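Labels below follow one simple rule: chain letters A, B, ... track the order of the sequence lines, proteins then strands, and each chain is numbered from 1. Computed from a predicted structure; not experimentally measured.
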Amino acid sequence: MRLSHLFFTTLRDDPAEAEMPSHRLLLRAGYVRQLGSGIYSLLPLGKRVNDRVEQIVREEQDRIGGQEMEMPVVHPADLWRASGRYETVGPEMGRFKDRNGRDMVLAMTHEEVVGQLLADVVRSWRQLPMMVYHFQTKWRDEPRARGGLIRVREFVMKDAYSCDRDDAGLDVSYWAQYGAYVRTFERLGLATIAVSSDVGMMGGSLAHEFMVLNPAGEDVLVLCESCDYAANRQVAVIPRPDPAAEDPLPLEEFETPGATTIASLAAYLDIGADRTAKAAFFVTGDGRLVTAVVRGDHEVNETKLGNAVKATGGLRPAQIEEIKAAGMEAGYGSPIGARGTFVVIDDLVARSPNLVAGANREGFHYRNANAGRDYTADVTADITNAQGGDPCPNCGNPVILRNGIEVGNIFKLGTKYSDAFEATYLGEDGQAHPIVMGSYGIGVGRNVACIVETHHDEKGIVWPAEVAPYAAHLVSIGTAKEPRVAEIAEQLHGLAADAGPRREILWDDRDESPGVKFTDAELLGMPWILTVSPRSLAAGGVEVTERATGERTLRPIEEVERQLVDGF
RNA sequence: CGGGGAGUAGCGUAGCCUGGCAACGCACGUGCUUUGGGAGCACGAGAUCGCGGGUUCAAAUCCCGCCUCCCCGACCA
């Protein structure tokens, strides 16, 4: 490809809105352009990288027996009503009416379509197991897009669906996908950590997320450096020691002026935060006020809390008025004397005697609050976040917290969708059984961004060879001085093109100064930069620079020609 | 949705407080020179100053409303 013909432009200055390296570099180097919040066009270079990433994902899916297909982006709403998700999902799903007034939705995932297809196609146990996948656009109207391609609203996902006769079969499919993901991310040049995760809106029993460590990551991971424990903080369960036993003392109200936070309360009383009980207030999607009580030295984990109260439609922080309506006082709140609220107590609070808790009266707290005696739980569960230094559940050594970006996930779905669509098969026993499903996603664009996040330097992108849009970047210099420069460049460019699409190179044939060409070559990030110039020809060939190391060697033309075909 | 910030030429910005010809760098076009690390000179094109309303002799600038984008928090590939 001649750079003079390529639909792109590089930017000398960083776009003001781009903060993450991948966002900045993909914009500057002319790979992508933004159309709206969380909506991006892929320019030709971006499209080629995207295709290379897709191809690696495709090969690894095919290797474990996945069959590629394609399902639509626009679905009739009735399909989503059948699974119940038309009601449960909320505003992140795009909804519209067709010209006849029928409710339609934009696909945010494809379990429903697969469920319906299974009901249609699968009759017999002989058709199972079976795994299908496709690359398709999803629309998810996220509350906030961010970080360029890291978190967008419209994106292409590889989503795969495994279909098995029973749980044992699902287990096999699940771990086959696990292995495929490990290979996929290795080939993409991404160091991932598989963490166990929440099953979220998908429902199901077991799930892993593949995470790339990144300070800008939106997930917090709980990791153990002594063993291989790794979990999303949403689900990490940390063992906690029993608090020292004390006899319950009488409840006693006392004045704590202005102590609306645990920090100020503990400082005022000169006690540890672990001697206090903290109440946090949420409202579920179905309108219940939830009061969560954790010890002052912990934080509420909203995922665990949501699961504990079986919240449909998620949780949102409660308004002051909603807290007051239940007889509680924000800043001095506790379930003591409250009414009309669902109370969830962290199991550590349940075991901690004589805590300081809010008195539901401005400027007052109680001493010696005891769960079970002074207030009762509707549910007692672990609802706290793991913290750095907590003991690892495997080996007991202190865990660390790191941020991560989720580049892929795998879910055991079970029969939720096959039940909804009556997707059954006749078993060897002559009976109908529900098909057992799994679901496996990889966001293509996010992976592209993550590759740039790990493979770049101060000059620009450094593509791993497997995903680079072109195998090499040819820079020709001094064509006016030496006619052979253009001839040789032309020859190398044609040779690479003839060697096949994967061997094609980018040739900067523009009439630009050498400085501009080198700078752009480094910004664009092809793994090899080939320089043809009067100087290189006089020295006997082509200068070959490895982008990653900056190492330069002068190689005879014939050798470069061979390497353009066989690889460098 | 809560909090913070920003919309001026393709990109980056100044001008706004204190109203008075819309400016600078890069990029872009033409010509000449230059050609191994973001070249030089000359000429040139490019902006309804996010949108709507208001105040004023006069609005990028002041006031009101709206829209969009970015960043931090609750969701996910």
Side-chain angles (χ1 to χ4, degrees), chain A residues 9-20 23 27-28 30 33-39 57 89-92 108-109 135-138 140-160 181 197-198 200-202 207 209-212 216-219 232 234 282-283 300 302-303 305-306 313-317 319 405-411 439-450 459 475-482 485 510-523 529 531-536 538-539 543 545 552:
Chain A
T9 186
T10 56
L11 303 175
R12 189 169 290 206
D13 300 310
D14 284 332
E17 76 276 6
E19 301 215 332
M20 290 184 71
H23 189 196
L27 283 171
R28 271 193 59 201
R33 280 295 182 269
Q34 183 172 14
L35 184 62
S37 181
I39 310 175
V57 174
V89 167
E92 60 265 39
M108 48 191 301
T109 175
F135 294 91
Q136 184 57 285
T137 298
K138 314 295 187 221
R140 295 185 184 177
D141 195 357
E142 301 289 346
R144 183 158 87 84
R146 79 181 105 195
L149 292 190
I150 294 291
R151 182 176 193 71
V152 294
R153 296 192 295 168
E154 183 190 306
F155 62 100
V156 172
M157 178 161 77
K158 181 286 297 175
D159 38 327
Y181 274 40
S197 67
D198 185 52
M201 72 165 181
M202 297 296 181
E209 292 166 338
F210 287 76
M211 294 284 189
V212 176
E218 303 178 78
D219 286 88
N232 194 309
Q234 291 176 334
F282 299 89
V283 175
V300 174
E302 287 191 35
T303 303
L305 181 63
L315 295 170
R316 63 164 172 83
Q319 314 273 343
I405 299 171
E406 182 182 353
V407 290
N409 67 15
I410 55 178
F411 283 99
S439 147
Y440 314 90
I442 293 178
V444 178
R446 180 180 286 182
N447 274 267
V448 170
C450 283
K459 292 175 175 173
V475 174
S476 52
I477 294 170
T479 45
K481 246 191 214 168
E482 168 60 86
V485 168
R510 298 175 300 175
D511 184 24
E512 288 286 356
S513 72
V516 170
K517 291 189 173 194
F518 287 132
T519 313
D520 278 349
E522 283 154 351
L523 177 61
I529 298 169
T531 308
V532 184
S533 68
R535 185 196 288 185
S536 80
E543 189 178 277
T545 308
R552 296 183 194 190

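- Between the CD atom of A/Glu218 and the C1' atom of B/rA74 there is a distance of 12 Å, rounded to whole Å.
- Listed by chain and residue number, nothing satisfies the salt bridge (Lys or Arg N to Asp or Glu O under 4.0 Å) test with A/Arg144 (two or more places apart in sequence, or in another chain).
- Listed by chain and residue number, A/Glu17, A/Tyr40 satisfy the side chain to side chain contact (heavy atoms under 4.5 Å, CB included) test with A/Gln34 (two or more places apart in sequence, or in another chain).
- Partners of A/Lys517 by side chain to side chain donor-acceptor pair (under 3.5 Å), not counting sequence neighbours: none found.
- Within 4.0 Å of A/Gly443, counting heavy atoms only, lies at least one base atom of the nucleic acid.
- As rounded to whole Å, 8 Å separates atom C1' of B/rU35 from atom CD1 of A/Ile477.
- Side-chain proximity of A/Asp520 to the nucleotides B/rG38, B/rA74, B/rA77 is greatest for B/rG38.
- At the heavy-atom level, A/Glu482 lies nowhere under 4.0 Å from the strands shown.
- As rounded to the nearest Å, B/rG10 and B/rU61 have C1' atoms that lie 25 Å from one another.
- Under 3.5 Å, the side chain of A/Glu512 and the base of B/rG38 form no donor-acceptor pair of N or O atoms.
- Looking at A/Lys158, its side chain does come within 3.5 Å of a backbone N or O of A/Tyr440 through a donor-acceptor pair.
- Under the Watson-Crick or G-U wobble criterion, with both distances below 3.5 Å, B/rA9 has no partner in any strand shown.
- Here A/Glu209 lies out of heavy-atom contact (under 4.0 Å) with every strand.
- A distance of about 28 Å separates the C1' atoms of B/rA27 and B/rC71, rounded to the whole Å.
- Every salt bridge (Lys or Arg N to Asp or Glu O under 4.0 Å) that A/Glu522 has, sequence neighbours left out, goes to A/Lys459.
- Nucleic acid contact class of A/Gly147 (heavy atoms, under 4.0 Å, all strands): sugar-phosphate only.
- The base of B/rG37 lies outside donor-acceptor range of the side chain of A/Arg535, with no N or O pair under 3.5 Å.
- Within 4.0 Å (heavy atoms only), A/Ala145 reaches sugar-phosphate atoms of the nucleic acid but no base atom.
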Under-3.5 Å N/O pairs linking protein and nucleotides 5-12 of chain B:
{"residue": "B/rG12", "atom": "OP1", "partner": "A/Ala16", "partner atom": "N", "Å": "2.8"}

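- Within 4.0 Å of A/Asp159, counting heavy atoms only, lies no atom of the nucleic acid at all.
- Residues A/Met108 and A/Glu92 are in side-chain contact: their nearest non-hydrogen atoms beyond the backbone lie under 4.5 Å apart.
- In this structure, A/Val156 reaches neither bases nor backbone, as no heavy-atom distance under 4.0 Å exists between it and the strands shown.
- The side chain of A/Arg146 approaches B/rG73 more closely than any other nucleotide in the set B/rA77, B/rG73, B/rC69.
- Legend: residues meeting side chain to side chain donor-acceptor pair (under 3.5 Å) with A/Asp219, ordered by chain and number and at least two apart, are A/Asn232.
- The side-chain ring of A/Phe155 is stacked on the base of B/rA77, judged by centre separation under 5.5 angstrom and plane angle under 30 degrees.
- Base engagement by A/Arg552 is indicated by at least one non-hydrogen atom pair under 4.0 Å involving a base atom.
- A/Arg144 contributes no side-chain N or O that forms a donor-acceptor pair with the base of B/rG4 under 3.5 Å.
- Using a cut-off of 4.0 Å between Lys/Arg side-chain N and Asp/Glu carboxylate O, A/Arg146 and A/Glu218 are scored as salt-bridged.
- Checking B/rA39, B/rU35, B/rC71 against the side-chain heavy atoms of A/Val516 singles out B/rA39 as nearest.
- Across all strands shown, A/Ser37 has heavy atoms under 4.0 Å from sugar-phosphate atoms exclusively, and none from any base.
- Distance A/Glu19 CD to B/rC72 P: 6 Å, rounded to the nearest Å.
- A distance of about 29 Å separates the P atoms of B/rA59 and B/rG12, rounded to the whole Å.
- When distances are taken from the side chain of A/Ser536 to each of B/rG37, B/rG36, B/rC76, the shortest belongs to B/rG36.
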